[in-house]
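Computed from a predicted structure; not experimentally measured.
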Amino acid sequence: MKNTIKSLATLFLVTAMTWGPISAFAASVSKTDEAKVLRFYLVRHGQTYSNIKEMTIGGGGNAQLTQKGRYDASSLGLGLADVQFIAGYSSTLGRAYETANQILRGRNMPVTQIENLKDISWGDAEGGRIDDLTGKFGHSGNDFEFYFGKFNDPGFKSPVNAENMYQFSERFEGALKEIASQHQGQSGNILVTAHSSMAFYLQKYRGDKPLSGLSNTSVSVLELKDGKFSLVDFNNTEYLKSGYTKEKQLPPLDITLVINPMTILNKAGVMEGTSDSDFTTQGIKANQQLNHDLKNTRFIAAYSSELGRGHKTAEAVLAGHKQTLIKDKNLDEMFLGHWEAEKRETIKASDSQAAKDLFSADRVIHFLSPDDGENGDIAAFRLDSLLSKIGYQYEFSKGNVVVFTHPLIVKAFLNKRIPDYRLPEADGIQVINLQYKNEAFNVKDVKVVK
């Protein structure tokens with residue numbers, strides 16, 4: 001559904017109708033609840049790919065958030081940082097659920113999905129485009145009253161067999177009352193992320209104001225007191241603007257990438273992909289030195305590969321830190337197929353493109369194994385996925401995350417994310433100060449510890 005529906009500025013809706021369900025709901029509120037107030041912070045999801053393509057995707061489909069959509073949702077979370085939520089809810093559509101989780105990052109609060117919070121259905125027009133409807137019906141897809149009727153018209157028949165505004169408003173209000181029933185006897189703020197069609201329901205509380213749309217990641221506040229709803233804020237984008245300001249002031253997350261030191265096979269000139277060996281004397285000393293160098297660094301999380309040289313490096317470097325170590329196979333080195341445990345010089349002598357890519361700092365991502373080995377782009381993807389997950393989880397936290405992994409997969413990852421950067425060769429522990437912010441990575445500096 002299109003981000004805004006400003007073209008409806010000339011349409012006026014009748015709001016004098018009193019709904020029976022509200023009266024019944026008000027009558028069910030006990031005396032002890034009369035002083036309680038629940039405020040529903042109704043947030044439209046972040047920008048989606050269907051939004052920018054102006055598609056008619058409502059309750060019958062879903063499209064992922066764009067990078068801007070995720071950024072805006074996270075920024076809105078910062079803008080709402082001073083609002084204490086007692087619970088979080090979303091529609092069952094992914095775009096709303098992801099928005100809610102982005103907003104609530106760092107609050108350790110689960111998001112409950114409710115089916116009746118889903119977007120209004122476009123019926124036969126689901127999956128089309130806004131402008132496609134003009135030629136067929138003579139009305140743009142932005143003429144929502146033509147396709148959905150009015151919130152107080154239960155008998156409206158849609159020309160595209162869509163759910164009408166009245167039906168949507170009934171079920172949406174039912175969802176809010178369902179949420180309220182879960183918080184009887186409480187006062188507080190409740191986050192609800194849903195869709196632009198919330199504007200259709202909220203119109204009943206806007207008097208004679210013309211029907212107006214909701215911007216992506218806008219906030220509307222509906223208050224429930226003494227069994228009655230009232231609208232206290234509508235389509236507010238100031239929280240988002242405040243979040244932008246706060247986000248720009250936040251420092252990036254520091255991720256310390258540690259590449260294992262010299263091993264016996266490595267010293268012998270043998271390729272170590274998923275093959276493994278113990279450290280040389282030099283490697284042991286490098287681990288001890290890095291442990292000393294990092295003794296005053298506060299780590300909020302630690303991850304290592306499952307390969308012996310990976311987690312043994314982590315255990316040696318983190319000795320004395322009392323930090324729980326999480327082992328993850330996505331941090332393992334690339335699997336090299338029949339080139340595993342082969343002499344480097346033998347592989348280089350093959351003069352194949354695969355060998356050239358494997359030993360090139362800027363082409364590891366293009367490596368294609370000559371048999372059953374792992375491709376460079378696949379290795380880069382799995383490391384990228386894990387580091388992005390780590391970045392997302394700890395971005396708003398204070399401290400440093402340390403990650404222990406291996407050289408080839410790191411080079412492939414850097415080829416993917418920072419293609420202009422070249423990681424130099426080294427025979428000690430390579431320590432990369434990687435920074436993460438807003439889904440982007442940057443190498444601040446690299447040092448070698450021997």
Side-chain angles (χ1 to χ4, degrees), residues 1-6 41-80 88 90-106 111 113 117-120 122 125-132 141-142 191-199 213-220 235-248 250 252-253 380-381 384-393 395-396 416-419 436-442:
M1 194 170 287
K2 194 172 182 180
N3 292 350
T4 60
I5 47 176
K6 294 181 180 178
Y41 279 69
L42 306 177
V43 177
R44 185 188 176 191
H45 61 77
Q47 182 194 73
T48 67
Y49 287 98
S50 60
N51 289 154
I52 60 178
K53 295 176 182 177
E54 299 188 351
M55 297 183 70
T56 51
I57 293 180
N62 195 40
Q64 291 184 331
L65 299 184
T66 62
Q67 183 176 3
K68 172 178 169 52
R70 293 190 296 272
Y71 172 70
D72 286 354
S74 291
S75 297
L76 179 59
L78 294 174
L80 291 169
S90 84
S91 90
T92 51
L93 293 174
R95 57 190 184 268
Y97 182 67
E98 184 178 1
T99 297
N101 281 287
Q102 291 274 6
I103 292 170
L104 295 175
R105 283 169 70 180
V111 177
Q113 295 176 282
L117 292 174
K118 280 176 62 172
D119 204 354
I120 197 168
W122 268 98
E126 285 280 358
R129 292 181 181 270
I130 294 291
D131 292 339
D132 290 344
N142 288 321
L191 176 69
V192 175
T193 59
H195 308 272
S196 57
S197 47
M198 287 189 294
L214 297 176
S215 303
N216 288 111
T217 51
S218 64
V219 178
S220 300
N235 197 33
N236 187 337
T237 58
E238 293 304 312
Y239 290 106
L240 179 60
K241 294 175 184 177
S242 172
Y244 285 156
T245 301
K246 292 180 179 180
E247 192 277 335
K248 286 180 173 60
L250 283 176
L253 172 71
F381 176 80
D384 190 352
S385 296
L386 179 60
L387 292 178
S388 295
K389 180 181 177 181
I390 291 170
Y392 170 81
Q393 182 173 352
E395 184 175 10
F396 298 157
K416 172 180 171 63
R417 277 301 195 127
I418 316 173
Y436 174 93
K437 186 173 182 179
N438 186 27
E439 302 187 29
F441 291 97
N442 176 59

Could you measure the distance from the [atom1] atom of [X] to the [atom2] atom of [Y]? Nearest 0.5 Å is fine.
X    : Y    : atom1 : atom2 : answer
S388 : Q393 : OG    : CD    : 12.5 Å
L191 : L104 : CG    : CG    : 5.0 Å
L93  : L117 : CG    : CG    : 10.0 Å
R44  : S196 : CZ    : OG    : 4.0 Å
L42  : N236 : CG    : CG    : 12.5 Å
H45  : N51  : NE2   : CG    : 5.0 Å

Going by heavy atoms in the side chains, are [X] and [Y] under 4.5 Å from each other?
X    : Y    : answer
S75  : L240 : yes
L78  : L250 : yes
Q102 : Y392 : yes
V219 : L76  : yes
N235 : S215 : yes
L214 : S220 : yes
Q113 : T92  : yes
Y71  : E247 : yes

Exercise. Side chain to side chain donor-acceptor pair (under 3.5 Å) between N216 and D72: does it pass, once the steps are laid out?
Worked result: CA-CA 9 Å; N216 288 111; D72 286 354; over 6 Å; no

For this session: Would you check, one step at a time, whether the test side-chain contact (heavy atoms from CB on, under 4.5 Å) holds for Y97 with V111?
Result: CA-CA 7 Å; Y97 182 67; V111 177; 3.8 Å; yes

May I ask you to decide if [Y]'s main-chain N or O and [X]'s side chain share a donor-acceptor pair within less than 3.5 Å?
X    : Y    : value
S50  : A63  : no
E126 : W122 : yes
S197 : I120 : yes
D384 : F381 : no
S74  : R70  : yes

Exercise. Would one find more than 12 heavy atoms of other residues, nucleotides or ligands at under 6.0 Å from atom CD of Q64?
Worked result: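 Atom CD in Q64 is not crowded, with 12 or fewer foreign heavy atoms closer than 6.0 Å.
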
Problem set entry | More than 12 heavy atoms from other groups under 6.0 Å of NZ on K389 |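 For K389, atom NZ is not crowded (no more than 12 foreign heavy atoms under 6.0 Å).
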
State, to 0.1 Å, how close [X] and [Y] come at their nearest heavy-atom pair, and which atoms those are.
X    : Y    : result
D119 : H195 : N-CD2, 3.2 Å
S90  : A100 : CB-CB, 4.1 Å
L253 : I390 : CD2-O, 4.2 Å
Y49  : L65  : CE1-O, 3.6 Å
I57  : N62  : CG2-N, 3.8 Å
E395 : N438 : OE2-N, 2.8 Å

Exercise. Stepwise, does the side chain to side chain donor-acceptor pair (under 3.5 Å) test hold for Q47 with T66?
Worked result: CA-CA 6 Å; Q47 182 194 73; T66 62; 2.7 Å; yes

